[in-house]
Amino acid sequence: MAWFSAQLVITEPELCKEILNNKGELIRKESPKLVKKLSGDGLVATTKLKNGQNCESWPPMLSMERFKKMVASAETMLERWTVYEGKEIEVYEEFRLFTSEVISRTAFGSSYMSMIINEALRLYPPVVAVIRKVEREVRLGKLMVPSNLELVVSIVALHHDPQIWGQDVQLFKPERFSEGVAKATNNHVGAFIPFGLGPRTCVGLNFGTTEAKIALSMILQRYAFTLSPGYVHLPLRYLTVRPQHGVQVMLQSL
Ligand code: HEM
């Protein structure tokens with residue numbers, strides 16, 4: 001736990017769990033202006049309209065137009081299939097590249113690919129921290145926290161705590177997750193939270209991880225790739241964490 005200007009930065013898994021599990025009566029979600037523009041107040045927020053009625057706010061980034069773009073490739077496939085209307089479709093060709101192994105890996109998690117994705121999200125969590133504001137004085141563990149204080153749940157600190165992950169915390173070791181997240185974190189529920197925790201958990205969790213698995217499966221079926229010697233490792237936080245100079249790879253067609 002540490003002060004960062006007027007904000008209290010929380011790094012203990014138990015406290016983080018307690019804060020994020022709060023349903024918002026005592027500890028409210030607080031987002032930087034830019035994030036608010038994208039995600040509004042989140043999905044569980046209710047705002048008062050001018051006529052006094054309540055209305056559920058819908059995050060701008062979840063607009064229908066954006067969803068349509070996200071599922072564009074599936075739409076293209078479906079469009080191609082419209083010419084087959086009324087006939088049986090030979091789907092084998094469409095799915096030829098999706099071997100049963102890839103499909104089961106993609107669909108049923110617990111694979112080396114899930115371990116790789118978890119380890120990447122551990123070392124480089126795209127969202128480094130989430131912020132909450134204390135509405136009314138509240139007890140957190142042994143602390144009495146006054147109202148209006150901003151709490152920063154530091155995801156990046158939790159993910160780099162050697163007491164949880166061991167002395168090799170800085171190494172990229174997907175095997176940590178070979179027996180699941182609970183085992184990897186020694187049952188510290190709040191220690192691995194790339195998508196947040198509690199009532200405000202990311203709604204894109206399944207979409208995001210499935211999309212990554214499908215994209216990776218498709219690439220790995222067609223190409224082998226190695227990192228280019230020109231790659232410079234420089235993770236940068238600009239709203240989310242990203243490689244400042246991109247990731248240059250050398251592709252070899254299989
Ligand atoms: C690797 C990809 C992603 C990561 C690491 C991520 C991470 C997060 C985190 C940490 C939160 C919790 C914020 C908080 O507690 O204050 C969150 C919330 C949210 N995420 Fe994601 N996210 C990802 C992808 C997505 C995608 C693809 C979508 C949309 C399809 C999405 C939609 C949302 C929304 C709407 C919320 C707000 C939920 C609420 O406050 O009720 N995210 N995300």
Side-chain angles (χ1 to χ4, degrees), residues 7-11 13 15-47 54-75 106 109 113-135 140 150-160 174 177 181 185 189-216 235-243 247:
Q7 294 175 318
L8 187 60
V9 182
I10 314 284
T11 54
L15 283 187
C16 292
K17 192 174 91 180
E18 212 175 316
I19 294 166
L20 296 182
N21 272 332
N22 191 280
K23 292 203 176 74
E25 316 88 39
L26 290 175
I27 303 174
R28 178 167 57 79
K29 176 167 167 150
E30 187 75 8
S31 305
K33 268 189 193 142
L34 198 53
V35 176
K36 223 168 192 167
K37 261 191 160 174
L38 282 168
S39 67
D41 287 321
L43 282 177
V44 287
T46 312
T47 44
N54 286 332
C55 124
E56 297 296 322
S57 70
W58 190 243
M61 71 190 203
L62 290 186
S63 73
M64 237 349 123
E65 279 315 302
R66 281 168 201 265
F67 259 122
K68 277 185 195 158
K69 280 188 193 136
M70 284 181 193
V71 294
S73 53
E75 271 185 351
T106 306
M113 201 178 283
S114 302
M115 288 154 58
I116 289 172
I117 289 173
N118 277 347
E119 184 65 342
L121 288 170
R122 181 187 73 79
L123 275 176
Y124 308 106
V127 178
V128 294
V130 291
I131 305 174
R132 297 291 186 266
K133 193 165 183 176
V134 179
E135 290 281 280
L140 282 178
E150 281 195 6
L151 304 170
V152 179
V153 172
S154 175
I155 298 178
V156 75
L158 289 163
H159 289 190
H160 288 79
F177 291 96
V181 172
T185 56
V189 178
F192 179 67
I193 51 168
F195 294 98
L197 189 78
R200 314 301 295 246
T201 298
C202 176
V203 289
L205 189 160
N206 288 326
F207 178 89
T209 41
T210 307
E211 188 183 41
K213 285 178 189 176
I214 291 175
L216 264 174
L236 166 83
R237 183 196 173 197
Y238 183 70
L239 196 58
T240 54
V241 171
R242 60 196 62 202
V247 179

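Order of appearance sets the numbers: ligands from 1, and atoms from 1 within every ligand. One-based numbering along the sequence shown.
At least one donor-acceptor pair under 3.5 Å links the side chain of T201 to the backbone N or O of G198. H159 places a side-chain N or O within 3.5 Å of a backbone atom of I193 that can act as its donor or acceptor partner.
Summarising the geometry, atom CD1 belonging to I214 is positioned 10.0 Å from atom OG1 belonging to T209; distances are rounded to the nearest 0.5 Å. In this structure, the separation between CG on L26 and CD on E18 is 10.5 Å, given to the nearest 0.5 Å.
Close contacts of ligand 1 with P194, meaning ligand atoms under 4.0 Å from a residue heavy atom, involve 5 (C), 7 (C), 10 (C). The atoms of ligand 1 that sit less than 4.0 Å from any heavy atom of R200 are 12 (C), 15 (O), 38 (C), 39 (C), 40 (O), 41 (O). Of all the atoms in ligand 1, the ones that sit under 4.0 Å from a non-hydrogen atom of P126 are 5 (C).
Comparing heavy-atom distances from atom 19 (C) of ligand 1 across A120, G198, C202 singles out C202 as nearest. Around atom 13 (C) of ligand 1, the closest heavy atom drawn from V130, V153, L121 belongs to V130. Between L205, V241, V203, it is V203 that holds the heavy atom closest to atom 35 (C) of ligand 1.
Using a 4.0 angstrom heavy-atom cutoff, G208 does not count as in contact with ligand 1. Residue contact check for ligand 1: R132 places a non-hydrogen atom closer than 4.0 Å to it.
Residues meeting the ring pair (Phe, Tyr, Trp, His ring centres under 6.0 Å) test with Y124, sequence neighbours left out: H233.
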Report, one line per pair, each donor and acceptor closer than 3.5 Å where one atom sits in a side chain of residues 236-243; sequence neighbours left out.
{"residue": "T240", "atom": "OG1", "partner": "R242", "partner atom": "NH2", "Å": "2.9"}
{"residue": "R242", "atom": "NH2", "partner": "Y238", "partner atom": "O", "Å": "3.3"}

